[in-house]
Amino acid sequence: MAIAVEELRTLGVHTLIRVGSAGSFQKKLKMGEGVIVTGAVRDDGTSSSYVPEIYPAVSHHHVLRALEKAASIIEHRCHMGIVLSTDSYYGARFNCETAKMIELLKKANTLCVEMESSTLLTLGGVFGLRTGSILTIREEIGEDEKPVTQAGEIFEDGLEKCIQISIKALELIIEKDKLFKFD
Ligand SMILES: O=P(O)(O)O[C@H]1O[C@H](CO)[C@@H](O)[C@H]1O
Ligand SMILES: O=c1cc[nH]c(=O)[nH]1
């Protein structure tokens, strides 16, 4: 992710939206629904090589506003909030400290887990880029509290909607940029 941001930046790119997938931390987030990321918990290794973890990983307000508006135009159910970005997909099954951290983050209203947003958003802040992220739920919490994965039609349809939302959001940003210069 950091390589992509750095190299796109040198080509003059100033606005980046990640479209990805995530596992739900909250029962209310269902398969295929969208999550517009407001901020990300920085449990990744790369972003702290740029700035320490006290530096926040937050989405740019232009991108947030545009994604929210685009979601209502495309008419896809989206949540908005904080997500966990971690380098380790299975670590919590092995290390009880990781599992404990995840339980705390769930209690603290973290919506879901994925693996790239914190690096993108931290670098966005560091380099003054407009960055944001929209995720599609690929793993939901079942009735028995166990994760249910179904990377099938419901997820694929949701992902397609989130791609459409990100394209619409970029169109809205381009329109706004004609009136207010971003620099
Ligand atoms: O969200 P996308 O880009 O699909 O990637 C997700 O899927 C991978 C894990 O299977 C991780 O890279 C995670 O972030
Ligand atoms: O459960 C999931 C799904 C996608 N990406 C993750 O990191 N976790």
Side-chain angles (χ1 to χ4, degrees), residues 1-8 13 15-49 57-59 63-64 67 70-71 76-95 97-124 129 131-167 169-170:
M1 175 57 77
I3 296 172
V5 174
E6 289 264 11
E7 294 187 2
L8 287 169
V13 171
T15 306
L16 297 104
I17 301 178
R18 157 167 160 75
V19 185
S21 61
S24 175
F25 272 180
Q26 310 291 342
K27 264 197 168 152
K28 66 180 181 187
L29 274 72
K30 298 297 181 195
M31 193 72 69
E33 290 181 351
V35 175
I36 296 171
V37 177
T38 56
V41 177
R42 291 178 52 200
D43 187 35
D44 71 90
T46 304
S47 67
S48 54
S49 73
V58 288
S59 293
V63 179
L64 268 185
L67 283 171
H76 185 55
R77 184 170 159 77
C78 287
H79 306 262
M80 254 182 143
I82 294 167
V83 308
L84 166 65
S85 303
T86 179
D87 282 343
S88 166
Y89 193 87
Y90 293 115
R93 294 188 190 173
F94 183 79
N95 182 335
E97 291 305 316
T98 313
K100 264 197 232 161
M101 180 197 70
I102 285 176
E103 283 318 304
L104 177 62
L105 290 174
K106 286 180 178 172
K107 205 165 93 180
N109 203 28
T110 306
L111 296 182
C112 59
V113 57
E114 54 86 69
M115 302 180 81
E116 287 87 9
S117 294
S118 63
T119 306
L120 174 65
L121 302 183
T122 303
L123 267 60
L129 308 169
T131 53
S133 179
I134 180 166
L135 309 166
T136 308
I137 296 298
R138 194 176 66 190
E139 192 173 293
E140 66 181 20
I141 299 175
E143 287 311 315
D144 57 359
E145 305 295 326
K146 292 212 176 88
V148 180
T149 307
Q150 189 238 28
E153 211 175 311
I154 300 174
F155 166 71
E156 295 296 337
D157 289 350
L159 181 61
E160 177 59 37
K161 291 279 188 194
C162 289
I163 293 168
Q164 288 173 18
I165 290 169
S166 66
I167 293 167
L170 285 170

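All ligand and atom numbering here is 1-based and tracks the order in the structure.
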Among all protein non-hydrogen atoms, which one is nearest to [atom], and what is the separation to 0.1 Å?
| atom | answer |
| --- | --- |
| atom 8 (C) of ligand 1 | M115 SD, 4.2 Å |
| atom 12 (O) of ligand 1 | E116 OE2, 2.7 Å |
| atom 6 (C) of ligand 1 | S21 OG, 3.5 Å |
| atom 3 (O) of ligand 1 | R18 NH1, 3.0 Å |
| atom 10 (O) of ligand 1 | R138 NH2, 3.2 Å |
| atom 1 (O) of ligand 2 | G23 CA, 3.2 Å |
| atom 8 (N) of ligand 2 | Y89 CE1, 3.4 Å |
| atom 5 (N) of ligand 2 | S21 O, 3.7 Å |
| atom 4 (C) of ligand 2 | R138 NH2, 3.3 Å |

Any sub-3.5 Å donor-acceptor pair from [X]'s side-chain atoms to [Y]'s backbone N or O?
| X | Y | value |
| --- | --- | --- |
| H76 | G32 | yes |
| D44 | S118 | no |
| E140 | M31 | yes |
| S47 | T119 | no |

Counting from 1, what ligand 2 atoms have a heavy atom of E139 closer than 4.0 Å? 1 (O)

Proximal ligand 2 atoms for V113, defined as those under 4.0 Å from one of its heavy atoms: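 Here the atoms of ligand 2 in question are 6 (C), 7 (O), 8 (N).
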
Passing candidate, side-chain hydrogen bond (donor to acceptor under 3.5 Å, both in side chains) with S133, options S166, S117, S59: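 The option that passes is S117.
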
Per-atom contacts, ligand 1 versus Y89 - under 4.0 Å to a heavy atom: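 Listed by number with element, the hits are 9 (C), 10 (O).
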
Element-labelled atoms of ligand 1 that are located less than 4.0 Å from some non-hydrogen atom of G20: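 Within the 4.0 Å cut-off of G20, ligand 1 contributes 1 (O).
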
Taking side chain as C-beta onward, heavy atoms only, is M115 less than 4.5 Å from S85? no

Any side-chain heavy-atom pair from E114 and R18 closer than 4.5 angstrom?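 Heavy-atom side-chain distance check passes, below 4.5 Å.
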
Hydrogens and angles aside, do E33 and T136 bring a side-chain donor and acceptor to less than 3.5 Å of each other? no

Is it the side chain (CB and beyond), the backbone, both or neither of M1 that lies under 4.0 Å from ligand 1, heavy atoms counted?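 Answer for M1: neither.
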
Pick from V37, I36, T38: which one makes a side-chain contact (heavy atoms from CB on, under 4.5 Å) with V83?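 Among V37, I36, T38, the one meeting side-chain contact (heavy atoms from CB on, under 4.5 Å) with V83 is V37.
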
